[in-house]
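Read the structure below first, then the notes.
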Amino acid sequence: MNKRITEYIFFLVLLLGSLGLQAQPQQPVELPSNSEYLLLDKGLQYRITKAINSMYNFDFPTAERDFLVIMYQYPEHPLPDFLMALGYWWRIEVDVTNTRYDNVFIQYLERANEKAERMFDANPNNKEAAFFLAAGYGFMGRLYSERKSWTKATFAGKNALKYMELSRGEEEFNPELLLGDALFNYFSVWIPENYPLLRPVMALFPKGNKELGIQQLETVASNAFYTRVEAQYFLFRLYASMENRPYDALRISEYLHQKFPNNPYFHRSYARHLYSVGRWSESVRESYEILDRIDQKQTGYEANSGRYASFYVAEYNFRTGNKAVAKQYYQKTVAYGEESESQESGYYLHALIQLGKIESEAGNKAKAKAYFNRVKKYAKRKHPAHKEARDFIKKNKL
């Protein structure tokens, strides 16, 4: 399943999970005076800035050493376990088809949730505990959605919403708590706009506001500490794929790549957004760098990133008339796509089509037909690539 669609299904699961909460709305609670919430400890934030930056920059050994120090200092607090889990989430995020980090990721989240639940049991007004429980169950739901474990995803989503209700609307308390509000506001409108059949169901939810959701994401991206990068991640994805604001997506992905130059997800996103706005030579430069890092086996750089990078290099050379180089990198796109089991992706299918056209132009009809038949094998019949392959075979009598 397309990764983007899977993620949308996760947000739908979250929203549907909240239906069970509507009959018993949570009453707002007062923030305790003289708060001792660790999330508000500016001294701790200063001390672990380097660790969090190391995590996002894929220097996991450095980050985890510092997280273990925090765990030693605050053994009953969920924060260090949650941060350890977040590091494993980013290992997963670069290639969500790879399941080797799933168990350790879930184990750290379960430990964080257990500690947060003890805090919450001791004080049901503890918004910090509610924040960690909402975040912990939310990340569990995202992984379970990727793995198509819909029962587990629904359970996690309902729990995430239950605890999010206890921490929503407190932006003056801490911008960390605003991320859930922002995503709820955006997706509760986006889903019925794009899936009309769900409009009757979505009418049961509180009314959202997409524009407010984006404003809230921008606020979190500018002012939060722990959730700032996560908000920036959602922002550039929304701007690129849903809001038709490619230059804003480029602005954020460029900033993230510059700040975390060894993060392969931000690196390939930067290359992608450069390409989407027509800055092709810069995109190719970054793509060659990605491919070089894959060859060097740099942490996190793998086949999924190679599929993106090879495609941009191939397309640039095809458009500029260098078809020999284009063919080489289309073939790399296909090889990386098969290694990452991404045969239904648009880049993989388009690379096969381009290879078929190149071979047909060279008079190699048998090779050309083989490429187009692979498109028909992996693309659904209604997919534009499937139609293009059928039409090319028919028109050119392959």
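Just so you know, residue 1 is the first one in the sequence shown, and it goes up from there.
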Pair up each side-chain donor or acceptor in residues 351-359 with any protein partner under 3.5 Å, not counting sequence neighbours, and list the distances.
{"from": "Gln354", "atom 1": "NE2", "to": "Tyr330", "atom 2": "OH", "distance (Å)": "3.3"}
{"from": "Lys357", "atom 1": "NZ", "to": "Glu388", "atom 2": "OE2", "distance (Å)": "2.8"}
{"from": "Glu359", "atom 1": "OE1", "to": "Asn364", "atom 2": "ND2", "distance (Å)": "2.7"}
{"from": "Glu359", "atom 1": "OE2", "to": "Lys327", "atom 2": "NZ", "distance (Å)": "2.9"}

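- Taking Ile, Leu, Val, Met, Phe, Trp and Tyr as members and joining any whose side-chain heavy atoms lie under 4.5 Å apart, directly or through other members, the hydrophobic cluster of Tyr270 also contains Tyr247, Leu250, Leu274, Val277.
- Arg91 contributes no side-chain N or O that, together with a main-chain N or O of Arg100, makes up a donor-acceptor pair within less than 3.5 Å.
- Applying the side-chain hydrogen bond (donor to acceptor under 3.5 Å, both in side chains) criterion to Asp391, with sequence neighbours excluded, gives Lys387.
- Ser360 meets the side-chain hydrogen bond (donor to acceptor under 3.5 Å, both in side chains) test with no other residue; sequence neighbours excluded.
- Shown here are the side-chain contact (heavy atoms from CB on, under 4.5 Å) partners of Glu341, two or more places apart in sequence or in another chain: Gln343.
- For Glu289, the side-chain hydrogen bond (donor to acceptor under 3.5 Å, both in side chains) partners two or more places apart in sequence, or in a different chain, are Arg293.
- In summary, Glu117 and Lys162 do not engage in a salt bridge, as defined by a charged side-chain N under 4.0 Å from a carboxylate O.
- Contacts of Phe82 classified as ring pair (Phe, Tyr, Trp, His ring centres under 6.0 Å), with partners at least two apart in sequence or in another chain: Phe132, Phe139.
- Scored by the side-chain contact (heavy atoms from CB on, under 4.5 Å) test, Ala271 finds Ser283, Glu286, Ser287, Ile290, Tyr312 as partners (sequence neighbours excluded).
- Under the 6.0 Å distance and 45° angle rule, Arg147 does not count as a cation-pi partner of Tyr144.
- Tyr275 and Phe311 have their aromatic ring centers separated by at least 6.0 angstrom.
- Residues passing the side-chain contact (heavy atoms from CB on, under 4.5 Å) test with Phe260, sequence neighbours excluded: Asn53, Tyr56, Asn57, Val229, Leu256, Asn263, Phe266.
- Under the ring pair (Phe, Tyr, Trp, His ring centres under 6.0 Å) criterion, Tyr378 pairs with Tyr348, not counting sequence neighbours.
- Ring centroids of Phe58 and Trp90 are separated by 6.0 Å or more, keeping the two rings apart.
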Let me see the working for Arg319 and Tyr316 under side-chain contact (heavy atoms from CB on, under 4.5 Å), right down to the final yes or no.
-> CA-CA 5 Å; Arg319 293 180 184 220; Tyr316 175 78; over 6 Å; no
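- Qualifying side-chain contact (heavy atoms from CB on, under 4.5 Å) partners for Glu361, counting only residues two or more places apart in sequence or in other chains: Lys323.
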Exercise answer: donor-acceptor pairs, residues 70-80 side-chain atoms, under 3.5 Å, sequence neighbours excluded:
{"from": "Gln73", "atom 1": "OE1", "to": "Arg47", "atom 2": "NH2", "distance (Å)": "2.5"}
{"from": "Glu76", "atom 1": "OE1", "to": "Arg118", "atom 2": "NH2", "distance (Å)": "3.2"}
{"from": "His77", "atom 1": "ND1", "to": "Leu79", "atom 2": "N", "distance (Å)": "3.0"}
{"from": "His77", "atom 1": "NE2", "to": "Glu128", "atom 2": "OE1", "distance (Å)": "3.2"}

